[in-house]
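Here the structure is laid out as structure tokens; the discussion comes afterwards.
These numbers come from a predicted model, not from an experiment.
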Amino acid sequence: QKVDGDYVDPTMKLAALPVDMASDEKLESVEEAGEEAMETECVPLVHGETIVPGTDKCYLLTFDTDRWETTFPIDASNSAAIAFFAQHLLTEFEEDTHYLKLVSSGEDIDPVAEESGAHGEEEEEKKSKPWGKAIGASILINLVTLSGLIFAVPFISRIIKKSDPVFVYAGFASFAAGAILACAFFLLLFESTHLIATGWDEETDHIWRWGTMILFGLILPVIVEAFVGHIKPEDPDADKKTKSDVETDSEDFSDDESPFAAKTFSEKARLVFAICFGDFMHNLCDGFFVGAAFAGCSDSMAWGIAIATILHEIPQELSDYLILTGPQVGLSTLTALAINFATGLSVILGAIIVLAADVSDSATGLLLAFGGGVYLQIGCVECMPKMVNPALSPRRKLVCLLAFIVGAVLIGLVLLDHEHCIAEGDGHDDHGH
């Protein structure tokens with residue numbers, strides 16, 4: 001039958017093997033013969049033509065697009081039972097009628113034994129997993145975490161040092177806000193909605209889980225700051241800035257009043273945690289997608305996803321680097337690069353997890369929503385306030401706005417056409433028997 005107005009596939013390969021009894025053991029015993037039959041040249045059949053069970057015989061059922069239902073009679077007169085091997089699960093072709101009926105009475109016929117899944121032994125399936133390609137692509141993605149080295153180039157470094165640090169940092173923070181928030185909305189939060197929906201039937205169950213994970217990700221960095229502040233109370237005089245910490249051309253703010261003043265230890269802990277955890281979760285989910293693509297999609301599709309991931313990682317990693325090395329955190333270049341590289345290793349971990357075990361789409365969606373909440377914290381709380389710093393002139397604020405747009409567009413141009421292919425649950429490459 002047509003489902004939602006169309007056949008699942010215009011054709012389907014089918015093998016029908018005569019057997020002496022219907023049982024799980026008998027189905028298992030003829031599985032190899034059925035697989036071999038599916039590999040032979042198939043005989044085309046159209047609406048109304050009869051399927052005659054036989055060994056080493058494959059039929060190519062061609063569905064009539066002008067009919068809502070295409071029927072193929074089965075000659076079972078010489079068979080005690082029949083073992084069917086099909087390119088699709090036959091239930092995929094059910095709209096409102098069972099796929100197999102007794103002609104004389106119209107009674108539904110249900111299978112005594114059945115299996116579904118890709119043909120081949122489990123051991124062969126494990127061997128066929130594309131470990132090399134998936135891990136290789138993940139390593140390439142992780143190397144992007146070192147893109148902050150561009151700011152160590154003397155020419156670029158000198159330009160930054162000669163510029164007004166308030167304006168330079170505001171511009172970088174604006175770029176970071178655009179890239180990180182675009183990443184949250186275009187990838188993490190958007191992808192999480194339909195992935196979470198695969199795990200529960202009720203819409204209410206989708207919404208409260210999605211919203212709770214976002215809110216938890218949003219508030220967790222604040223919890224970390226409060227916890228660290230409680231464990232290590234701040235000395236009021238310990239973290240006061242000196243002129244050597246951050247110099248500014250603006251005379252409107254003293255060092256202690258500057259919105260770019262160095263953070264206390266607990267504030268730094270919150271910011272570093274937010275960046276590290278958000279980056280870890282984002283790269284972990286990228287690893288899930290890349291691993292699933294290589295496991296269940298064509299090489300061209302999988303490499304396309306890997307390349308798109310690399311492109312959207314570049315502005316994101318630059319953003320993370322700029323925040324970590326800025327005056328609020330004040331990490332050295334080497335330390336910031338090491339943190340970015342270490343958190344980026346989760347992309348490899350994600351690929352390994354997907355290839356080694358079945359991770360449900362709903363669990364991936366919850367992780368994405370949680371990481372999206374963390375990224376909202378970074379973009380809205382830490383970065384965007386720099387765009388409206390009173391020390392900036394209206395013209396410089398417009399430049400910051402442009403930097404925000406550039407950061408968002410660099411992510412958006414890639415992700416608007418960024419197809420994630422998840423091997424699990426596709427169904428079109430499955431075989432039923």
Side-chain angles (χ1 to χ4, degrees), residues 141-142 144-145 147-148 150-151 169-196 210-211 213-215 217-218 220-221 271 274-290 304-324 326 340 343-344 346-347 350 364-388 397-420:
I141 294 170
N142 190 41
V144 178
T145 60
S147 56
I150 189 175
F151 294 108
Y169 188 58
F172 284 151
S174 301
F175 172 82
I180 288 176
L181 291 176
C183 186
F185 288 112
F186 293 159
L187 175 65
L188 298 175
L189 299 178
F190 175 76
E191 291 281 356
S192 68
T193 55
H194 67 270
L195 291 176
I196 292 175
W210 182 70
M213 294 305 291
I214 294 172
L215 292 174
L218 189 64
L220 183 61
L271 186 52
I275 292 174
C276 291
F277 191 85
D279 203 26
F280 179 90
M281 296 304 303
H282 171 70
N283 283 300
L284 181 68
C285 293
D286 274 340
F288 289 159
F289 291 129
V290 170
I305 290 176
I307 292 172
T309 302
I310 289 173
L311 291 178
H312 84 249
E313 281 291 327
I314 292 174
Q316 179 195 318
E317 295 300 338
L318 289 176
S319 302
D320 291 344
Y321 174 85
L322 293 172
I323 296 172
L324 291 173
N340 272 355
T343 55
S346 62
V347 70
T364 302
L366 293 173
L367 292 174
L368 286 170
F370 184 73
V374 173
Y375 267 39
L376 289 178
Q377 228 280 342
I378 300 172
C380 295
V381 177
E382 297 299 334
C383 297
M384 287 197 69
K386 313 304 182 291
M387 298 173 61
V388 293
K397 289 179 181 178
L398 288 176
V399 173
C400 290
L401 178 61
L402 179 62
F404 177 92
I405 294 173
V406 170
V409 168
L410 285 177
I411 295 283
L413 287 178
V414 175
L415 296 184
L416 288 177
D417 193 35
H418 186 61
E419 296 184 40
H420 287 308

Kindly indicate, with the supporting measurements, whether the criterion side chain to side chain contact (heavy atoms under 4.5 Å, CB included) is fulfilled by Leu376 and Leu181.
CA-CA 6 Å; Leu376 289 178; Leu181 291 176; 3.9 Å; yes
Closest non-hydrogen atoms of Lys397 and Met387, given as atom of the first, atom of the second and distance, are CG-O, 3.6 Å
Below 4.5 Å, heavy atoms only, C-beta onward: do Ile214 and Phe370 meet side chain to side chain?
no
Please list, chain by chain and in numerical order, all residues satisfying side-chain contact (heavy atoms from CB on, under 4.5 Å) with Ala403, sequence neighbours excluded.
Ser174, Phe175
Output all residues satisfying side-chain contact (heavy atoms from CB on, under 4.5 Å) with Ile405, sequence neighbours left out; order by chain, then residue number.
Leu401, Val409
Heavy atoms only: give me the nearest Ser346-Leu284 pair and the separation to one decimal.
OG-N, 3.2 Å
side-chain hydrogen bond (donor to acceptor under 3.5 Å, both in side chains) between Thr193 and Trp210, intermediate numbers included
CA-CA 7 Å; Thr193 55; Trp210 182 70; 5.6 Å; no
Can you give me the closest heavy-atom contact between Tyr375 and Ala184, atom names plus distance?
CB-CB, 4.0 Å
What distance do Asn340 atom CG and Asn142 atom CG have between them, rounded to the nearest 0.5 Å?
9.5 Å
Rounded to the nearest 0.5 Å, what's the gap from CG on Asn283 to OG1 on Thr145? Could you check?
8.0 Å
